[in-house]
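Every chain is numbered from 1, with letters handed out A, B, ... down the list of sequences.
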2 protein chains.
Amino acid sequence: MFSEEDITTSFYNLLEGVMRLYKLLPDGRRQIVGFALSGDFLGMNISGRHNFSADAIGTVTVCQFAKAPFGRFIEGRPHLLRRINELAIRELSQARDHMVLLGRRSAEEKVATFLLGWRERLVSLKGSSDMVPLPMSRQDIADYLGLTIETVSRTFTKLERDGVIEIIHGGISLLDPARVEALAAA
Amino acid sequence: MFSEEDITTSFYNLLEGVMRLYKLLPDGRRQIVGFALSGDFLGMNISGRHNFSADAIGTVTVCQFAKAPFGRFIEGRPHLLRRINELAIRELSQARDHMVLLGRRSAEEKVATFLLGWRERLVSLKGSSDMVPLPMSRQDIADYLGLTIETVSRTFTKLERDGVIEIIHGGISLLDPARVEALAAA
DNA sequence: CGAATCGTTGAAAGCAGTCAACTAGGGTGG
DNA sequence: CCACCCTAGTTGACTGCTTTCAACGATTCG
């Protein structure tokens, strides 16, 4: 879709589908900084470059805004700028929460927290459910949580053995949501 | 200074000194999400609560703005709002960089990256120097890098044994900045 | 049906964490 | 002025969680 070095000439509004947002180290290590869902804005950078790369997981529909005219459009509408600002603040808050997860949580806590967080995000789109679809790969989840693919897999299996979740093709079913929350430890 | 739950009734501009910005898990684990230096803004949340706690490292001088009047003041000044927005975007970018560090870097890379980053931030305030003052404690550094105090200490001594840095009281001297950069691996 | 990709599982290694002892300053009170 | 204490930092020994390496299983697609 676009990568970190690209000059931002456009914003995007994700209308449908899922995207991964990530950064790469020179040696190829990847950290996924977030997943984008329907309704999310990408590339709010008014000027300059993107600070992350993004690509689609499956098929996506995006609405592209050329930056320049959008900038002019926004000029006379401070409430809109304010809205954008609040969006940035919210993302910043999420980013900080994720820092706590990456720096201070165990593998099991990471996975449990991820499942709950992902489910929560889907609530507003598809309604609440104990069935949590996971369109992204294990590698994506690992790179999001700062783990390896094997640890993610093992943790899922452990949670399943403990009767907390059930591994479904394409997702996870929360058999005991309360216990998942307990494992997430806030 | 203020904590995560506080309703934000004020912004702050840090005029002098250093502050740590952090989040706590219920069990007391701490993740420092950033350090604030002279000139930095705190609590850009237009409305709602702070999403992190903050307190001073040593003595600080801050300029406090009441939120409400400041909000009115900003009303007719879209360029200022825009400025605030760019600040938020920059912080977001830094937050994402730090995610990469927390999720994908080794202890040595973390420490080296931290030293370089901290030095870089001090450049604009005190000018460039190979002597990097560290006003924060080892515990603060550990909580910033997602490590333990012991690992931070051991990593410093390893770097010193390797002749890359020298541990000074109250800071670190970069004996071989190029090698530190190599260890930071980007 | 075979190839390729993704995910799971096992065994072993290693990096960072834990526990604990020790050292070095810095401040305080006798 | 010195003895004491208290905190911050260092170091060592050991543990253990996560990674690494490797093989295996499952699903998809040509």
Side-chain angles (χ1 to χ4, degrees), chain A residues 18 20 25 27-32 55 57-59 101-115 132-162 164-173 183 185, chain B residues 18 20 25 27-32 57-59 101-115 132-162 165-173 183 185:
Chain A
V18 184
R20 59 179 157 249
L25 289 175
D27 63 2
R29 282 175 287 179
R30 184 178 67 158
Q31 176 66 46
I32 292 187
D55 48 36
I57 298 174
T59 59
L101 178 142
L102 289 170
R104 285 298 176 226
R105 283 164 128 54
S106 69
E108 197 172 68
E109 290 172 327
K110 285 178 176 179
V111 169
T113 304
F114 166 68
L115 286 176
V132 184
L134 297 177
M136 71 291 283
S137 71
R138 296 298 145 107
Q139 186 64 63
D140 288 336
I141 298 174
D143 287 347
Y144 181 59
L145 299 177
L147 298 171
T148 60
I149 184 175
E150 293 95 331
T151 301
V152 171
S153 185
R154 268 187 263 271
T155 306
F156 276 146
T157 319
K158 178 180 181 306
L159 293 181
E160 187 173 46
R161 269 202 311 272
D162 295 350
V164 181
I165 65 171
E166 192 182 352
I167 304 173
I168 311 278
H169 181 71
I172 296 287
S173 180
L183 289 172
Chain B
V18 184
R20 60 179 156 250
L25 288 175
D27 63 4
R29 280 175 288 179
R30 185 177 69 158
Q31 176 66 46
I32 291 187
I57 297 174
T59 58
L101 178 142
L102 290 170
R104 286 293 174 232
R105 288 174 115 81
S106 69
E108 197 172 65
E109 290 172 326
K110 285 177 176 179
V111 170
T113 305
F114 165 69
L115 285 176
V132 184
L134 297 176
M136 71 291 284
S137 71
R138 298 297 146 106
Q139 186 64 63
D140 288 337
I141 299 174
D143 286 348
Y144 181 59
L145 299 177
L147 298 170
T148 60
I149 183 175
E150 293 95 332
T151 301
V152 171
S153 186
R154 267 188 263 270
T155 306
F156 275 146
T157 42
K158 179 181 182 302
L159 293 181
E160 187 173 47
R161 270 202 311 271
D162 295 350
I165 65 171
E166 192 183 354
I167 303 174
I168 311 279
H169 181 71
I172 296 287
S173 182
L183 289 171

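Counting heavy atoms from C-beta outward, F114(A) and L134(A) have side chains that approach closer than 4.5 Å. Using a 4.5 Å cut-off on side-chain heavy atoms (C-beta onward), R138(B) and F156(B) make contact. Using a 4.5 Å heavy-atom threshold, the side chains of E160(B) and I172(B) count as separate.
With sequence neighbours excluded, the residues forming a side chain to side chain contact (heavy atoms under 4.5 Å, CB included) with L25(A) are D27(A), R29(A), V100(B), R104(B), R105(B), listed by chain and number. Among residues two or more places apart in sequence or in another chain, the salt bridge (Lys or Arg N to Asp or Glu O under 4.0 Å) test is passed with R20(B) by D55(B), D140(B).
Taking every nucleotide of DNA chain C with any atom under 4.0 Å from a non-hydrogen atom of chain A, the first and last of them, 5' to 3', are dG7(C) to dA11(C).
Although no hydrogens or angles enter the test, the distance criterion places no donor-acceptor pair under 3.5 Å between the side chain of S153(B) and the main chain of I149(B). Of the possible donor and acceptor atoms, none in the side chain of E109(B) sits under 3.5 Å from a partner among the backbone N and O of L183(B).
Rounding to the nearest 0.5 Å places CG of D143(B) at 7.0 Å from CD of Q31(B). L145(B) contributes atom CG, which lies 10.5 Å from atom OG1 of T151(B) (distance to the nearest 0.5 angstrom).
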Reading 5' to 3' through nucleotides 13-30 of chain D, protein heavy-atom contacts under 4.0 Å coded B for base, S for sugar-phosphate only, - for none: B----SBBB---------

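For the helix from dC1(C)-dG30(D) to dG30(C)-dC1(D), the end axes, each set by the C1' atoms of five terminal pairs, are bent relative to each other by 30° (nearest 10°).
Sorted by first and then second residue, the salt bridge (charged side-chain N to carboxylate O under 4.0 Å, His left out) pairs with a member in residues 146-155 of chain A form an empty list; sequence neighbours excluded.
Nucleic acid contact for T157(B): sugar-phosphate only, since backbone atoms but no base atoms lie under 4.0 Å from a heavy atom of the residue.
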